[in-house]
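Here is the structure we will look at.
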Amino acid sequence: MALIHAATLSPSKLEMLAAWLPSQQWFDGPASSEVEIKGAFRFDDPAGAVGVETFIVSSGGRVFQVPLTYRGNALAGGEGSLVTTMEHSVLGTRWVYDAVGDPVYAQALTTAIITGGTQADLTFDYSAPPEKLEVTTRVAGTGNGASPAPLVDHVTVSLVGTTSTIATDGFQIEVFRLPATAIEQSGRQHLTGTWPGQADPLLLAAALPN
């Protein structure tokens with residue numbers, strides 16, 4: 001389960017996304033266009049140390065997938081994936097990374113794809129307002145769990161067009177920055193998602209064993 005705190009963030013998640021997105025090679029919207037968060041989902045880090053959250057955002061008439069990780073300390077070797085540092089009123093300074101460069105995200109994503117996993121349930125460390133979040137973005141992997149997910153301890157990342165490819169020891173994982181309508185993946189296992197305003201599942205990621 002993903003633990004949600006009643007917290008103030010500086011910058012806010014929307015401010016962070018609006019500042020970072022225009023600088024990305026895969027972002028093809030106007031730099032001045034407004035960014036809107038359409039939905040979000042989380043995966044669990046079994047160790048409980050890293051927050052793993054993926055945003056579905058719209059900008060310039062396009063919809064983008066933006067996975068992020070939140071860490072209490074800098075990720076060794078992760079300088080090229082750093083999005084920003086954020087002040088969290090409960091947890092303190094958080095290092096925010098483009099998740100494709102974070103092994104914890106690769107582990108969580110691969111596990112969801114090949115085991116038929118879904119988004120994490122949300123739990124809250126407060127009982128009073130602010131209002132608790134409702135899960136409105138849902139994802140599902142197509143695997144059946146016949147094979148366990150390999151352990152991921154390092155990743156390398158490449159980008160072709162709007163697809164980020166994560167290479168691990170066990171899998172090549174494609175993360176589609178522009179969610180795709182074509183579900184057929186030539187036998188590859190994949191992850192699809194729906195969110196408010198998108199009732200038909202779109203393709204978010206696909207995995208192929210090395």
* Asked: Can you check side-chain contact (heavy atoms from CB on, under 4.5 Å) on Asp169 and Val152, steps first, answer last?
  -> CA-CA 7 Å; Asp169 287 340; Val152 177; over 6 Å; no

Between [X] (side chain only) and [Y] (backbone N and O only), is there a donor and an acceptor less than 3.5 Å apart?
X: Gln65; Y: Phe176; answer: yes
X: Thr137; Y: Ala40; answer: yes
X: Thr142; Y: His190; answer: yes

* So do the side chains of His88 and Arg94 get within less than 4.5 Å of each other, counting heavy atoms only? -> yes

Taking all non-hydrogen atoms of both residues, which atom of [X] and which atom of [Y] are closest, and how far apart?
X: Arg188; Y: Ala207; value: CB-O, 3.7 Å
X: Val100; Y: Val157; value: O-CG2, 3.1 Å
X: Leu14; Y: Val35; value: CD1-O, 3.4 Å

* Lys/Arg-Asp/Glu bridge criterion (N-O < 4.0 Å) met for Arg71, Asp102 -> yes

* Asked: With the threshold set at 4.0 Å, does a side-chain nitrogen-carboxylate oxygen contact exist between Glu53 and Lys13?
  -> yes

* Asked: Can you tell me if Thr93 and Thr85 form a side-chain donor-acceptor pair at under 3.5 Å?
  -> no

* **Polar contact flag, side-chain donor to acceptor under 3.5 angstrom, Ser81-Asp98** => no

Cluster link [X] to [Y], ILVMFWY, side chain under 4.5 Å:
X: Leu21; Y: Met86; answer: yes
X: Met16; Y: Phe64; answer: yes
X: Val63; Y: Val139; answer: yes

* To do: Show your reasoning for whether side-chain contact (heavy atoms from CB on, under 4.5 Å) applies to Leu178 and Thr163.
  => CA-CA 8 Å; Leu178 291 174; Thr163 299; over 6 Å; no

* Asked: Given the rule in the side-chain contact (heavy atoms from CB on, under 4.5 Å) test, do Gln107 and Leu109 qualify, once you have shown the distances and angles that lead to the verdict?
  -> CA-CA 6 Å; Gln107 181 75 73; Leu109 178 58; over 6 Å; no

* Any idea how Trp26 and Trp20 line up, ring-wise: parallel (<30°), tilted (30 to 60°), or perpendicular (>60°)? -> perpendicular

* Exceeds 12 heavy-atom contacts within 6.0 angstrom, atom CD of Glu34 -> no

* Verify side-chain contact (heavy atoms from CB on, under 4.5 Å) between Leu17 and Ile37, making sure each step is shown before the conclusion. => CA-CA 9 Å; Leu17 291 166; Ile37 297 175; 3.9 Å; yes

